[in-house]
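Single-structure report; data block below.
In listed order, ligands and their atoms are each counted from 1.
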Amino acid sequence: MLNRRNFLTAAVGVAAATGLAACAKKEEGGKGGSGGGDGKIVLGFSQVGSESGWRSANTTSVKDAAKEAGFDLKFSDAQQKQENQISAIRSYITQGVDVIAFSPVVVTGWDAVLKEAKAKKIPVVLTDRSVETSDDSLYVTLVGSDFTDEGRRAGKMLEKVLETAGHKGPVKIAQLEGTTGAAPAIERAKGFKEVMDADHASDWKIVVSQTGDFTRAGGKQVMAAFLQSNPDINVLFAHNDDMGIGAIQAIEAAGKKPGKDILIVTIDGVKDGFIAMSEGKINGIVECNPLLGPQLMEVVKKVKAGEKVERWIKTKEGDFTQDQAKAALPSRKY
Ligand code: GZL
């Protein structure tokens, strides 16, 4: 996870990593890359899995953009298991790809395999999620969103939603967390809590919080348990649309009205989230843009060419309230 301090130290690391990568390519005549002599950049990509609508849209964006860029893409789906991602990265190292990119399912446990890539002078680009590492030279850049800011935006969105609903009285929040140990789960919770602690310490309370692993099934199962143990919940903050959509099923099964009895704020902005919002079942969505493919391929080209790139290339995204849902739906690309 990046903050200003390690941003600056990382800048040095980037120069080292990029320089290494560039020298390596020059020294060893583009070792491993250019896909068997046809001049194509060979990109090894390890994807988290296919757990949510966001992830499916992200996969499509990466594959389409790699094709558009004329890359030879080696793609693997880790089914949300870190060991599968580590195996995939090791196989890309063995194949001698030009660049490795991946979305790390969790933040820790990557140093060993990233050191193996560095030893073979294969640059690594993070996309979507970040990692915690003691050695900033182990990856060149992160192409992805600021999840802590998304958490803050969700807190500000809840303020708007409560006002629109004319809510009076205590705000009893259930939080459906993303995958345990994943950057978006850690950072969205952190950003939301910042708003709560700063502006609502007296009237907002997270009464229950548990992971639903970013899936619809997880959101439904955990929300049903929440409603059993905390029947007076009146707000749900879900770290992604899919868990929110699963929770809606549990709320309705409990005879309550989602979007009315329980106000709902989610993050992502996938089409099904906008449909639920247009039906009045979700009250506000903080967008997290999955269409990272084109930005990623631009970065891969620069890294392969040994050009310097920023340490964190942030994605642009917006926020949407219920009244905007219907108008926004036709233009939603994912
Ligand atoms: C966020 C991404 C998260 C989405 C979920 O960038 O890592 O993972 O919010 C997805 O929908 O499963």
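- Stacking of Arg129 on the aromatic ring of Phe102 is not recorded, the 6.0 Å distance cut-off and the 45° axial limit not both being met.
- The number of heavy atoms from other shown groups lying within 6.0 Å of CD (Glu83) is above 12.
- Taking Ile, Leu, Val, Met, Phe, Trp and Tyr as members and joining any whose side-chain heavy atoms lie under 4.5 Å apart, directly or through other members, Phe147 forms no hydrophobic cluster with any other residue.
- Taking the ring centre of Tyr92 as origin, the terminal cationic atom of Lys74 falls outside the region bounded by 6.0 Å and 45° from the ring axis.
- Other residues, nucleotides and ligands place no more than 12 heavy atoms under 6.0 Å from the CD atom of Glu68.
- Remark: Arg188 is not positioned above the aromatic ring of Phe192, lacking an NZ or CZ atom under 6.0 angstrom from the ring centre and at most 45 degrees off the axis.
- Contact shell of ligand 1 (protein heavy atoms, cutoff 4.0 Å): Glu51, Ser52, Trp54, Arg55, Asp128, Arg129, Phe147, Pro184, Arg188, Phe214, Asn240, Asp268, Cys288.
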